[in-house]
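For reference, the structure is listed below as structure tokens.
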Protein chains: 2
Amino acid sequence: MAEMNASHKCATCPTRHKTEWSGLSEAELAAIEKVKSARYYEPGEVLFHQGDANDGVYCIQDGLVGSRYVDAEGNSALLQLANAGTTIGYRSFLTKLPHGSSAEILSPSFVCFIRSSALSKLLIANPQIGERFLQHAIKDMEDIEIRLARSLLGNLRNKFLHVIMVFYQQNGYRDKNNNPIVELPIKRTDIAEMIGSKPESISRVISDIEKKGLLKFDHRRVHITNMDAILYEVGITL
Amino acid sequence: MAEMNASHKCATCPTRHKTEWSGLSEAELAAIEKVKSARYYEPGEVLFHQGDANDGVYCIQDGLVGSRYVDAEGNSALLQLANAGTTIGYRSFLTKLPHGSSAEILSPSFVCFIRSSALSKLLIANPQIGERFLQHAIKDMEDIEIRLARSLLGNLRNKFLHVIMVFYQQNGYRDKNNNPIVELPIKRTDIAEMIGSKPESISRVISDIEKKGLLKFDHRRVHITNMDAILYEVGITL
DNA sequence: ATTGCACATTGACTTTTGTCATGCAGACGA
DNA sequence: TCGTCTGCATGACAAAAGTCAATGTGCAAT
């Protein structure tokens with residue numbers, strides 16, 4: 001993932017169809033092409049910091065980016081993960097307020113950047129991009145609302161299983177024996193920060209879940225050995 | 001609050017300036033007036049149920065409405081509170097998906113209703129209403145994101161104090177001696193459901209907080225006796 | 001191959017929160 | 001005024017999760 005291609009033009013971007021920039025004309029793409037910049041990022045790099053003013057939006061062509069919130073005591077939480085095809089930073093672009101959380105590279109990523117001033121012009125010329133931002137906002141909102149509901153209602157084990165299943169929906173595959181497998185894109189500490197917990201507790205939950213035969217962990221590779229039980233426990237709704 | 005007035009026309013609605021319907025022309029208001037219905041609700045009544053299809057949006061003229069999510073085991077959580085001037089149900093109107101949570105009356109309320117079919121026509125004729133929904137969505141999102149962050153990072157006491165301070169910002173006032181006071185609009189059990197806890201734990205947190213001299217509880221009336229300490233503990237940011 | 005390092009696990013213990021049972025007080029209708 | 005009901009508080013105990021310390025493990029650089 002995220003290896004350097006020959007070119008990174010929007011017109012040939014493999015993930016553009018999943019973004020707010022799908023369905024634009026050749027001329028519009030060319031306009032974006034002229035004002036955008038793009039580069040490869042290493043894990044740990046930061047696209048923008050919590051509290052910074054908005055300078056534009058970032059479109060993730062490949063990789064994984066987390067939005068991390070740090071409170072006054074220095075405790076941090078991962079509020080959201082954004083993968084290929086996701087545009088981030090649009091919220092503070094629209095509100096003109098500072099970023100509420102940092103955007104931190106979690107996996108090697110290739111990310112494009114469109115400066116606010118250029119984006120404002122694009123929005124005036126193409127009102128349908130605004131409509132796409134509304135759709136995006138609503139999708140994000142449902143996502144966050146589910147997280148909130150689970151964080152209010154579930155125990156550690158339930159929340160952890162949910163995270164695993166979300167990763168499975170995004171990245172999961174089946175091996176030659178048709179057994180479901182998912183590679184976790186982030187480390188234990190970050191999983192803990194997604195559900196408001198600590199890495200030690202994650203370890204304990206993992207060994208408990210393995211003992212019960214629901215999952216089998218091999219470092220970041222997870223074999224889902226009892227899908228039904230997990231789906232039942234996680235709950236189908238929401 | 002929420003007593004029956006002589007009339008409940010949008011044109012004279014005291015809370016309209018806070019809603020998506022502000023800034024509409026006389027003719028547009030008259031159009032809404034023709035298609036809307038409105039009535040008074042008692043606590044416990046439900047505007048729509050989790051899982052129901054969307055039939056329109058509800059505009060709260062006066063009172064308090066909570067969106068309650070219930071999981072498979074029957075545990076419930078209050079995800080959001082909506083007070084006067086707030087329009088709810090717009091999300092599933094826009095996505096055409098079922099409601100993710102119920103809307104339950106928490107205080108006596110007067111609520112207007114605009115059917116989907118009529119609202120669709122209004123939106124076509126008045127694109128700026130769509131823009132207002134985007135603003136509303138973003139505001140809701142920031143609200144939920146704060147809740148999520150606190151729910152991931154904070155302990156019970158911190159989350160409880162935050163809820164109190166939110167109520168204070170909305171409803172708080174000062175007595176003759178200039179001491180800050182807030183009347184809690186909901187009971188302990190519902191506060192517990194807002195922060196993923198139980199009423200007994202809320203009681204304990206309250207007696208602890210009283211012992212420390214931060215707040216003084218008289219049933220639902222709360223005297224804020226050490227504002228600085230509370231603001232420090234809750235944290236100014238986000 | 002060896003060392004160093006970041007990540008992960010495990011154990012012992014503490015703290016926080018939930019659970020269950022009980023009692024009390026204010027609100028309301030008969 | 002009397003019972004009844006709901007909300008609230010408290011005590012005793014159980015369960016869940018965090019903390020601190022020690023140890024293990026794979027990986028990369030030398």
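Here is the naming used below: chain letters follow the sequence lines, and residue numbers restart at 1 for every chain.
Across the protein-nucleic acid pair, A:Ile202 atom CD1 and D:dA17 atom P stand 10 Å apart, rounded to whole Å. In this structure, the CG atom of B:Asn155 is 11 Å from the C1' atom of C:dT17, given to the nearest Å. Distance CZ (A:Phe160) to C1' (C:dA8): 12 Å, rounded to an integer number of Å. Between A:Leu153 atom CG and D:dA16 atom P there is a gap of 16 Å when expressed in whole angstrom units. Atom NZ of B:Lys211 is separated from atom P of D:dA9 by 13 Å (rounded to the nearest Å). B:Lys159 has its NZ atom 13 Å from the C1' atom of C:dG18, to the nearest Å. A straight line from CZ of B:Arg157 to C1' of C:dG18 spans 19 Å, rounded to a whole angstrom. Taking atom CZ on B:Arg221 and atom C1' on C:dG26, their separation rounds to 15 Å, with Å as the unit.
Using a cutoff of 4.0 Å between basic side-chain nitrogens and carboxylate oxygens, B:Glu233 and B:Lys212 are not scored as salt-bridged. With respect to the salt-bridge test (charged N to carboxylate O, under 4.0 angstrom), the residues B:Arg39 and B:Glu45 qualify.
In summary, of the residues considered (A:Tyr58, A:Phe48, A:Tyr69), a ring-ring contact (aromatic ring centres under 6.0 Å, His included) with A:His99 occurs for A:Phe48 alone.
Of all the heavy atoms in A:Asp62 and A:Ala84, the pair that sits closest is CA-CB, 4.0 Å. In this structure, A:Thr87 and A:Cys59 approach most closely via the heavy-atom pair OG1-SG, 3.9 Å.
Between the CG atom in A:Leu161 and the CZ atom in A:Arg150 there is a gap of 9.5 Å [rounded to 0.5 Å]. Between atom CG of residue A:Asp143 and atom CG of residue A:Leu79 there is a gap of 11.0 Å, rounded to the nearest 0.5 Å. How far NE2 of B:His162 is from CZ of B:Phe167: 11.0 Å, rounded to the nearest 0.5 Å.
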Under 4.0 Å protein heavy-atom contact, by nucleotide of nucleotides 20-25 of chain D - B base, S sugar-phosphate only: B-----
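For residues 213-229 of chain B, the pairs satisfying salt bridge (Lys or Arg N to Asp or Glu O under 4.0 Å) are B:Glu183-B:Arg221, with sequence neighbours left out.
Annotation: proximity of residues 182-199 of chain A to DNA chain C (heavy atom, distance under 4.0 Å) is found for A:Lys187, A:Arg188, A:Thr189, numbered in ascending order.
Taking 4.0 angstrom as the limit, A:Ser201 places none of its side-chain polar atoms (N or O) nearer than this to OP1 or OP2 of D:dA17.
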